[in-house]
Amino acid sequence: MKHVIQSIRATFESELHLCKQANDLEALRVRYLGKKGLVQEQLKSLRDVPEAEKPLVGKLINELKKEIEERLDAAISACSHLQLQDKMAKEALDVTLPGRRSNVGSKHPVTQMLDEITDIFVSMGFSVALGPEIESEYYNFDVLNISPDHPARDMQDTFYVAPGMVLRTHTSNSQGRVMENANPPIRIICPGRVFRNETIDASHHVFFHQVEGLYVDENVSMQDLLSTLSEFVRRLFKKDVEVRLRSSYFPFVEPGVELDMSCLLCEGKGCATCKHTGWIEVLGAGMVHPQVLRNVGLDPEKYTGYAWGLGVERMVALRSGIRDIRLFAENDMRFLSQFYAV
Ligand SMILES: [Zn+2]
C-alpha cells in the first residue's frame with residue numbers, strides 16, 4: 001500500500017510539471033482529488049487493509065491528499081500570476097513615448113488687438129459702450145451731423161436693410177445713444193464691427209472693425225485729445241514715437257484732424273513703408289461738432305469734447321506688416337496661426 005501511495009505521489013509530481021495552464025491544473029485536480037479520483041480510490045480501498053495497518057495507511061493517504069492539495073494550490077496561484085504578467089506584457093504601454101499635442105485655439109488677431117486697445121483706454125478711465133450692428137439712419141448719420149446729401153449716405157457705401165435702417169458704417173452710432181442718456185463727464189470707447197458696401201480688394205472689405213472714442217466735459221480741449229492719443233499710440237506700439245496732427249474733415253467734428261506717428265521702421269528718416277515721408281497715418285479725430293452736442297441736448301457753450309475713430313485691422317497691419325485686409329476675414333489657419341498667443 002505504501003508503494004502505491006509513493007507511486008501516486010511520483011506520478012502526480014511528473015504530471016504537475018507538464019501542466020502549462022489553468023485548464024491542465026484543473027484536470028489534474030479532478031483526476032487526483034475528485035470524487036472518483038485516485039486519492040478517493042485509495043481511501044475506499046482502505047477497507048481491504050488489515051486492521052492493524054489501517055491507522056498508518058490512512059494517515060499516509062491523508063498526507064498525500066493534503067500534499068497534493070497544497071501543491072495544486074501553489075501551482076494554480078503561480079499560473080494565474082504568470083497569466084497576469086503575460087497579459088500585462090501584451091497590453092503594456094510605453095509611457096516614455098512623447099504625447100501627442102492637441103491643437104489649442106487662440107483669439108483671432110483682430111480680437112487680440114481689440115482687447116489690447118480696450119485695455120489701454122479702460123486703464124485711462126474710459127468705459128466700453130457697445131451699440132447695435134443694425135442701426136437706424138438717425139443714430140448712424142443724422143445725430144452725427146451727417147446730412148442726407150452727404151456722400152457717406154450714398155448707396156455705394158452703405159448697406160440698407162430696410163427703409164431707414166442700415167448696417168452701421170461706423171461704431172460712432174453708440175455716441176448719440178450714450179450722450180442722450182448720460183450727463184458729462186462722458187468718457188467712452190465703442191469697439192465693434194462695421195459694414196461698408198465696398199468692392200473687396202487688398203485695402204477694402206465689406207466688414208471690418210473699429211474703435212471709436214468720445215470724451216465730453218467742460219473745458220475739454222485739443223490738447224487733451226493730443227495727450228490721450230499720444231499716450232495710447234506709444235503704449236500700443238511699445239515705442240516712444242513722435243505724433244503730429246494734420247488738418248482733415250469729418251462731418252461730426254470741428255476741427256477734424258488726422259493723427260500721424262513717426263514711422264516704426266525708419267523712425268522718421270523715410271522708407272518705402274512710410275512712402276519716404278517718415279510719417280504713418282494712424283487714426284482720424286477732432287473736437288465734437290457743436291451741432292452733434294445740440295442734437296443730443298447738450299449745450300455747446302458749456303460742454304466741449306473730442307472724438308476719434310481707428311481701424312482695428314489697420315492697427316494689426318501696422319504692427320505685423322500685413323497689408324492685405326482680406327486675410328483677416330478668410331479664416332485660413334496658416335495665416336492665423338502666426339498670431340497664436342504663446
Ligand atoms: Zn519709414
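Just follow the structure's listing: the first ligand is 1, and inside any ligand the first atom is 1. Heavy atoms only: backbone and side chains are in, while hydrogens, waters and symmetry mates are out. This chain uses plain numbering: 1 for the first residue, then up along the sequence.
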By residue and atom, what protein N/O/S atoms are less than 2.8 Å from the Zn ion (ligand 1)? Cys263 SG, Cys266 SG, Cys271 SG, Cys274 SG
ring-ring contact (aromatic ring centres under 6.0 Å, His included) partners for Phe252, two or more places apart: His170
Examine the side chains of His205 and Glu198 and answer whether a donor and an acceptor come within less than 3.5 Å of each other. no
Using the rule that two of Ile, Leu, Val, Met, Phe, Trp, Tyr join whenever any of their side-chain heavy atoms come within less than 4.5 Å, decide whether Leu283 and Tyr249 are in one cluster. no
Mutual orientation of the aromatic rings belonging to Phe207 and Phe195 [parallel < 30°, tilted 30-60°, perpendicular > 60°]: tilted
Mark yes or no: Arg177 above the aromatic ring of Tyr139, with NZ or CZ under 6.0 Å from the six-membered ring centre and no more than 45 degrees from the axis. yes
More than 12 heavy atoms of other residues, nucleotides or ligands under 6.0 Å from CD1 of Ile134: yes or no? no
